[in-house]
Structures are given as structure tokens and as C-alpha cells.
Amino acid sequence: MQKRLLTAALAILAFQVSAQDSVKVYAASSMTNVVNELISEFEKNNDIDVTPVYASTSSLVRQIERGAPADVFIAANEKWMKHLVDRGYVSGDNVTNWAGNELVLISSESDNTDYSQFRLDDATTWQATLQGERLAVGNTMSVPAGIYAKESLEALKVWQSVRTRLAPSNNVRMALALVERQEAILGIVYKTDAMLSNDVSIVDTFPASSHTPIRYPVAKLNGSESTQAFYTFMQGGFSKSVLERYGFNTH
């Protein structure tokens with residue numbers, strides 16, 4: 001009996017140590033490359049396992065609300081983070097703005113269309129280009145990149161001209177892939193995603209004034225030492241250099 005109790009106690013202790021020395025990072029899909037690189041560097045110098053989970057911000061929020069074991073959360077939209085704060089899943093004191101981004105219009109690198117005269121605020125241009133074609137975007141109701149895209153298209157007064165030509169996707173990386181595979185002639189994605197691909201070209205950058213500022217808030221969801229260690233690492237110079245190398249704004 002005592003042996004079984006000792007074995008059980010050791011198993012519990014091992015679980016506690018394991019839990020303490022691991023961190024789960026839930027991150028917007030557009031942060032995939034940055035977070036992978038940060039994790040690789042962090043694990044070289046810390047005896048802590050970091051596991052990333054990537055999806056659209058809205059999907060991650062729903063998972064956290066359902067009890068997913070997230071320790072750090074990186075959103076691609078301030079409203080979704082505020083949603084968690086307002087509902088008590090995240091303390092506002094544990095949230096910081098981590099990075100910024102830009103919104104761009106892309107085409108396939110193989111597309112021979114001359115876009116030099118394309119105007120983002122010209123409905124006629126959009127209609128002519130999208131006739132019989134599709135515009136890849138994140139879901140405009142839930143995916144941050146899609147929400148920003150709709151804001152811009154509405155501000156530029158071309159939304160009504162393009163809304164029936166949309167090819168919505170569950171996250172921004174899927175929108176990028178649709179253009180890469182030439183399943184959509186144009187796409188609206190983050191500048192950082194476009195920079196990662198050799199298969200797309202940037203047609204134009206949407207005016208920053210046409211959409212809500214694209215900011216990536218980061219939050220720690222508990223007070224464990226491991227979570228704090230990774231959260232602190234994310235605020236340091238190495239993290240900033242990686243973000244900037246991938247095209248994110250850090251100021």
C-alpha cells in the first residue's frame with residue numbers, strides 16, 4: 001500500500017514539474033514563423049518546453065473560452081483580446097502591445113497582368129479585374145485580417161463592388177495559399193505574410209488610415225515561472241530583432 005502511495009506521489013510530483021517546465025503558446029497564424037524562431041532560441045537557453053498552437057485569432061479565443069491550456073496568447077486583433085479581458089479570461093494588467101503590421105493586396109507571381117495602374121479606391125478597376133475571378137481574404141466576420149480588409153474596402157468605397165467576389169478563408173495563411181496556387185487572382189493579407197512567399201507579389205499597400213491599426217497584443221494567462229520566463233523573453237531585444245526581420249513594426 002505504502003509503495004503504491006509513494007508511486008502515486010512521485011507521479012503527481014513528476015506531472016507538476018512537467019507542467020511547470022512547459023509553456024503552451026497560442027498564436028495567430030500570421031505569427032507562425034516569428035514564434036517558431038523565438039521558441040527555438042528560448043529552448044536553447046532554458047530547460048522549458050514550449051509548444052505552439054497556431055490558428056486564426058477568433059478560433060484561438062474560442063478554444064481559450066472552452067478551457068484550452070494556453071499559457072501565452074498572441075492575438076492579431078485588439079478587439080479579440082479585449083473580448084477575453086472583458087470576460088475575465090485574461091487580466092488587462094497582463095496584456096501588452098507587442099507588434100504591428102500592414103495590409104497589402106497581392107497577386108500571383110505568375111500573373112502577367114499589369115497592375116501598375118490599379119487603384120485601391122477605384123470600383124471600376126476592381127470590377128474589371130475580378131470579373132469571373134475571386135478575391136482571397138480572411139473571413140470578414142471573424143478573422144482579423146478579413147475584418148481589416150473589409151474596413152479598408154468600405155473606407156475606400158469599393159466594398160459593394162467586391163463583396164460578391166470574395167473567397168473567404170479561416171485564416172490569413174489560407175488566403176495567401178489561394179493566391180499562391182492561383183485559385184484566386186488577388187488576395188488581401190498582411191505585409192509580413194506576403195514577404196514570406198516567393199509565389200506572390202505585392203500590388204499595393206492599403207492606407208493605414210483605412211482600417212483599425214493592426215496590432216498584436218500578447219497576454220500571459222497565468223503566473224507560473226515558466227510562463228513568465230517566456231513572456232519576458234518575448235519583450236527582449238532578440239524578439240524585437242526577429243519581429244523586424246519578418247517585417248513587423250515594433251514601435
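- For the atom pair CG (Asn33) and CZ (Arg245), the distance works out to 10.0 Å, reported to the nearest 0.5 Å.
- With sequence neighbours excluded, the residues that form a side-chain contact (heavy atoms from CB on, under 4.5 Å) with Ala123 are Val158, Ser161.
- None of Asn171, Thr32, Asn36 except one satisfies the side-chain hydrogen bond (donor to acceptor under 3.5 Å, both in side chains) rule with Tyr54; the exception is Asn36.
- Two different hydrophobic clusters hold Val72 and Val90 under the rule that ILVMFWY side chains link at heavy-atom gaps under 4.5 Å.
- Contact of the Leu105 side chain with the Trp126 side chain is registered, since non-hydrogen atoms from C-beta on lie closer than 4.5 Å.
- Screening residues 184-198 for salt bridge (Lys or Arg N to Asp or Glu O under 4.0 Å), with sequence neighbours left out, gives Glu102-Lys191, Arg173-Asp193.
- Atoms OG and CG, on Ser108 and Asp199 in that order, are 7.0 Å from each other to the nearest 0.5 Å.
- Counting heavy atoms of neighbouring residues, nucleotides and ligands inside a 6.0 Å radius, atom CG of Asp47 does not exceed 12 of them.
- Rounded to the nearest 0.5 Å, atoms CD (Gln182) and CD (Glu109) are 10.5 Å apart.
- One distance of note links CH2 of Trp159 with CG of Leu153; it measures 6.5 Å at 0.5 Å rounding.
- When all heavy atoms are compared, the tightest approach of Ser107 to Val179 is C-CG1, 3.5 Å.
- Residues Ser152 and Leu103 approach most closely at OG-CD2, 3.9 Å, considering heavy atoms.
- If you chain together hydrophobic residues whose side chains sit under 4.5 Å apart, Val23 and Leu60 never meet in one group.
- Note that CG of Leu120 and CG of Asp204 are 4.0 Å apart. Values are rounded to the nearest 0.5 Å.
- Taking the side chain as every heavy atom from C-beta outward, Ile39 and Phe230 approach each other to under 4.5 Å.
- For the pair Val104/Val189, a side-chain contact is recorded, criterion being any heavy-atom separation below 4.5 Å from C-beta on.
- In this structure Asn198 satisfies the side-chain hydrogen bond (donor to acceptor under 3.5 Å, both in side chains) test with no other residue, sequence neighbours excluded.
- One hydrophobic cluster, built from ILVMFWY side chains closer than 4.5 Å, cannot hold both Ile214 and Trp80; they sit in different ones.
- Residues meeting the side-chain hydrogen bond (donor to acceptor under 3.5 Å, both in side chains) test with Ser169, sequence neighbours left out: none.
- Residues Val25 and Phe42 fail the side-chain proximity criterion, which asks for heavy atoms closer than 4.5 Å.
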Show, in sequence, the C-alpha distance, side-chain angles and deciding distance for Leu186 and Phe118, and conclude whether the side-chain contact (heavy atoms from CB on, under 4.5 Å) test is met. CA-CA 12 Å; Leu186 295 173; Phe118 193 100; 4.2 Å; yes
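- The salt bridge (charged side-chain N to carboxylate O under 4.0 Å, His left out) check on Arg62 picks up nothing, with sequence neighbours excluded.
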When the side chains of residues 233-240 are checked against the rest of the protein, which donor-acceptor pairs come out under 3.5 Å, sequence neighbours left out?
unit_1 : atom_1 : unit_2 : atom_2 : d
Gln235 : NE2    : Tyr231 : O      : 3.2
Ser239 : OG     : Met234 : O      : 2.8

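- Ile185 and Leu135 end up in the same hydrophobic cluster when Ile, Leu, Val, Met, Phe, Trp and Tyr side chains are linked at under 4.5 Å.
- Not counting sequence neighbours, the partners of Ser40 by the side-chain contact (heavy atoms from CB on, under 4.5 Å) test are Lys44.
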I'd like to know whether Ile188 forms a side-chain contact (heavy atoms from CB on, under 4.5 Å) with Lys150, so could you lay out the CA-CA distance, the side-chain angles of the two residues, the decisive distance to 0.1 Å, and finally the verdict. CA-CA 10 Å; Ile188 301 177; Lys150 182 180 179 182; over 6 Å; no
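- For the pair Val61 and Met81, the minimum side-chain heavy-atom distance is 4.5 Å or more.
- Separating the CD atom in Gln131 from the CD atom in Glu133 is a distance of 9.5 Å, to the nearest 0.5 Å.
- Side-chain N or O atoms of Glu43 include one that pairs as donor or acceptor with a backbone N or O of Val50 at under 3.5 Å.
- By the salt bridge (charged side-chain N to carboxylate O under 4.0 Å, His left out) test, Arg134 pairs with no residue at all, sequence neighbours left out.
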Begin with the C-alpha distance, continue with both residues' side-chain angles, and end with the deciding distance and a verdict on side-chain contact (heavy atoms from CB on, under 4.5 Å) for Ser59 and Asn170. CA-CA 9 Å; Ser59 174; Asn170 291 332; over 6 Å; no
Can you list, pair by pair, the side-chain donor-acceptor contacts under 3.5 Å of residues 137-148, counting residues two or more places apart and other chains?
unit_1 : atom_1 : unit_2 : atom_2 : d
Asn139 : OD1    : Met141 : N      : 2.8
Asn139 : OD1    : Ser142 : N      : 3.4
Tyr148 : OH     : Ala76  : O      : 3.0

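- Contact between Ser197 and Val200 at its shortest, heavy atoms only, is OG-N, 3.6 Å.
- Judged by distance alone, with hydrogens and angles left aside, the side-chain atoms of Ser210 form a donor-acceptor pair with the main-chain N or O of Pro207 at under 3.5 Å.
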Evaluate side-chain contact (heavy atoms from CB on, under 4.5 Å) for Asp21 paired with Glu225, printing each intermediate quantity in order. CA-CA 8 Å; Asp21 293 339; Glu225 291 183 6; over 6 Å; no
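- Every residue two or more places apart in sequence or in another chain that forms a side-chain hydrogen bond (donor to acceptor under 3.5 Å, both in side chains) with Asp122 is listed here: Thr125.
- Of all heavy-atom pairs spanning Ile106 and Ala194, the tightest one is CG2-CB, 3.8 Å.
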Can you give each donor-acceptor pair under 3.5 Å made by side-chain atoms of residues 215-222, sequence neighbours left out, with the distance rounded to 0.1 Å?
unit_1 : atom_1 : unit_2 : atom_2 : d
Arg215 : NH1    : Glu78  : OE1    : 3.4
Tyr216 : OH     : Ser30  : OG     : 2.9
Tyr216 : OH     : Asn101 : ND2    : 3.2
Lys220 : NZ     : Gln228 : OE1    : 2.2
Asn222 : OD1    : Ser224 : N      : 3.2
Asn222 : OD1    : Ser224 : OG     : 3.2
Asn222 : OD1    : Thr227 : OG1    : 2.8
Asn222 : ND2    : Asp71  : OD1    : 2.7

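- In this view, Asp111 and Thr113, Tyr115 satisfy the side-chain hydrogen bond (donor to acceptor under 3.5 Å, both in side chains) rule, not counting sequence neighbours.
- Under the 4.5 Å side-chain criterion, counting only non-hydrogen atoms from C-beta, Thr57 is in contact with Phe73.
- Both Val203 and Val172 are part of a single hydrophobic cluster, where members link through side-chain heavy atoms under 4.5 Å apart.
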